[in-house]
Number of protein chains: 2
Amino acid sequence: MSSKATIVDVARECGLSQATVARVLNGQKEIQVKEKTRKRVLSAARKIGYERNALAANFRRQKTKNIAISIADLTNPFFPELIKGVQNKIREYGYSIVQLNNEWNPKIEQDNFKYIIQSRLDGAIISPSHPRANLKILKQLPIVLLTNSNEFSGYDTIANDSKGGMNLALERLFELGHRNIALLTGGSMMTAGSSWRLQTMKNFCSNRNIPFSEDLCIKCDMSVSSLESFSQARAAMRKFLNKDTPATAIFASNDILALAALHVANEKGIKVPDELSIIGMDGILSGEISYPTLTTVEKNRSQIGSLAAKSLIEKIESPHEWQTKKIILPCKLIERSSSGPVRGKK
Amino acid sequence: MSSKATIVDVARECGLSQATVARVLNGQKEIQVKEKTRKRVLSAARKIGYERNALAANFRRQKTKNIAISIADLTNPFFPELIKGVQNKIREYGYSIVQLNNEWNPKIEQDNFKYIIQSRLDGAIISPSHPRANLKILKQLPIVLLTNSNEFSGYDTIANDSKGGMNLALERLFELGHRNIALLTGGSMMTAGSSWRLQTMKNFCSNRNIPFSEDLCIKCDMSVSSLESFSQARAAMRKFLNKDTPATAIFASNDILALAALHVANEKGIKVPDELSIIGMDGILSGEISYPTLTTVEKNRSQIGSLAAKSLIEKIESPHEWQTKKIILPCKLIERSSSGPVRGKK
DNA sequence: TAATAAAATGATAACGTTATCAAAATCAAG
DNA sequence: CTTGATTTTGATAACGTTATCATTTTATTA
């Protein structure tokens, strides 16, 4: 029938107690059971087609060997590779992933958190949808946040040094002679990160004593799907390039935005990098196959995923002896063909 | 403490039976409980911070409200959008996704299937890693396969009409005057689909009475990560273009391969589409932002995901009155800038 | 108001595993 | 062979919910 064989059925079949059967089938170590009985159990289990009921086991132990990954949008090319990194790491430990998207919607995000708690998942890797995301409900749970925002002081976090990475790009542009650098970034202050980007830009400009005005800030929406983000960035870029801008270079907050800028430049016949240098951030595949290929500040997402997973599992499996850990990985500037020394404008 | 409040604690707190409390907190319909007691329960639950233990509930009902999605590789840009489609649909029904990757490894895939069974997930959406993937273990489970291979005759399947889509592209290229069309595709016969592609190509050529030889078949590996696939395809393309080939057009099995071809063409100074037309398949983001933009045979992944989810949930929730369903969605040719009429060769 | 029907609540037995402790079997040493 | 230590097995109580009844309360009707 539809109802599966249980441990009791196996016990009956082989004439041993269910305790012994359990030890053979689901016991942790190979210890404490005779080879002969082990075989007796296994053949009985195979005979009646026993499949472990993880539901019952999870319930009994109040553990699931599942962890959540909460992100905004899976179609954002940043995440799949990160998740893959997590996946590969946790497989070693026998965990699985429950994948939760929130579409940048804090309400859905909150529902997802509630789901995590109610499903008694063992832990969670969370990319907060915004800098003040409400994590209260998760306070008893081992979690690792994918952010370097200082809003999350009590939590374990892991992220790339985006600020440092941004400076890497800006310094390189300065070195190449650029003095009018535009910033293409998300406009909403709700979005994690957009305000520090503006601040980093201002700091850089004042340090280097070069001008920065609101005119050099191209705002669009990052808290939407990649496609929408791309299309909005293009619109913003068109508008920006229609004004006779002094910018000789653009730093974009992520590769999608950078590729949008590149697209518009191609469309308008502006030569990249001769007339305009463009640097993105993340290091997604699209940037490796664009024309020209995209200079970018790379974040090693697979590494982040892997480290986040490792951290989380250590935290899950030895909750004592744990102290809050903040990991910040350096970014790497990958110079491809969308950036170069400043030359004349059209 | 770490141990959470249970339904019994709530019952004690509000002086009602646990049955009544259960009815209020987890009961399906709003029926059969007085407004007054409902409030009494809810306030008690809130007071002692009760969170439903889904582990216990799932165990008792032998249902998880979780479905699996089994794919080869999440970083393949084909899948995230598909999963998003699934995600958005199942949210309506209160289900969640357990995400399983197999890295094209049948052994991992089989382990994942076992996991699905043992975790008593309610159903699964499966993209088989190869045409003879062993689904035996899943036979009692509601599943929907993402394939149009006829190897899976007893199963519900849903996929785009790839063959038809491929013909769409080939016919269009023929119409544009192309008579020497190369096929860029996966080389291994293990890979789902690569043999029918070759067959479709041969059929088309013999129908249209144009030549096709092994020389016009550029083989690389599709059963690897996108990045690797891209790089292998580039190598194959370089080799192909070094021979003085008569091809004026290339049809690639997916957009990654097509973009690799485009990349090599750009690299070699071959003008696309003037000297070489390239058409891909899938409709991924990278193809919209490449230069030139990529003509492609689009598969609506989000729609597939959504339909697969709907099908699966219907099957889960009314297992009777179900008959095997095979859905084949048409592809759509999207003509962008990488294809055009045949002209002179270099 | 009594008798009956209907609605609301209560008592309790599963679900299948793991964990704990007790009992039995085996082994080692005198 | 006994005794004691050690290994192996067995009996049984949870885990927290849902589902099935039985019971009580409330509503309806004569």
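We use all heavy atoms of the structure for the numbers below, so side chains are in, but hydrogens, waters and symmetry mates are not. Quick caveat, the model's predicted, so the values are computed rather than measured. Protein chains get the first letters and strands the later ones, always in sequence-line order, with residue 1 at the start of each.
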| said: Just to be sure I understand the geometry, which residues of residues 6-16 of chain B put a non-hydrogen atom under 4.0 Å away from DNA chain C? | reply: B:Leu16

| note | Looking only at heavy atoms, the pair that brings A:Pro131 and A:Phe152 closest together is O-CZ, 3.2 Å

OP1 or OP2 of [N] versus the side-chain N and O atoms of [X]: is any pair under 4.0 Å?
X       : N      : value
A:Thr37 : D:dT8  : no
A:Asn58 : C:dT17 : no
A:Asn26 : C:dT17 : no

| So which nucleotide from C:dG10, D:dT12, D:dT17 ends up closest to the side chain of B:Thr20? | C:dG10

| Out of D:dC15, D:dT9, D:dT17, which has the shortest distance to the side chain of A:Lys34? | D:dT9

| remark: Nearest-nucleotide check on DNA chain C, B:Ala19 vs A:Ala56; residue mapping nearer the 5' end is B:Ala19

| request: Would you kindly compare A:Arg61 and B:Arg40 by the position of their nearest DNA chain C nucleotide and give the one closer to the 5′ end? | output: B:Arg40

| said: Applying a 4.0 Å non-hydrogen cut-off, can you work out what B:Ala22 is touching in the nucleic acid: base, sugar-phosphate, or nothing? | reply: base

| query | With a centroid cutoff of 5.5 Å and a plane-angle limit of 30°, would you call A:Phe59 stacked on C:dT17? | reply | no

| message | Rounding to an integer number of Å, can you tell me how far A:Leu55 CG sits from D:dT17 P? | response | 15 Å

| task | Could you tell me the separation between the CD atom of B:Gln18 and the P atom of D:dG16, rounded to a whole number of Å? | result | 11 Å

| message | Suppose we call a contact any N or O donor and acceptor under 3.5 Å apart; does that hold for the side chain of B:Arg23 and the base of C:dG10? | response | yes

| Side chain B:Arg60 and base D:dT18 donor-acceptor under 3.5 Å | yes

| Is there a donor-acceptor pair under 3.5 Å between the side chain of B:Asp122 and the backbone N or O of B:Lys63? | no

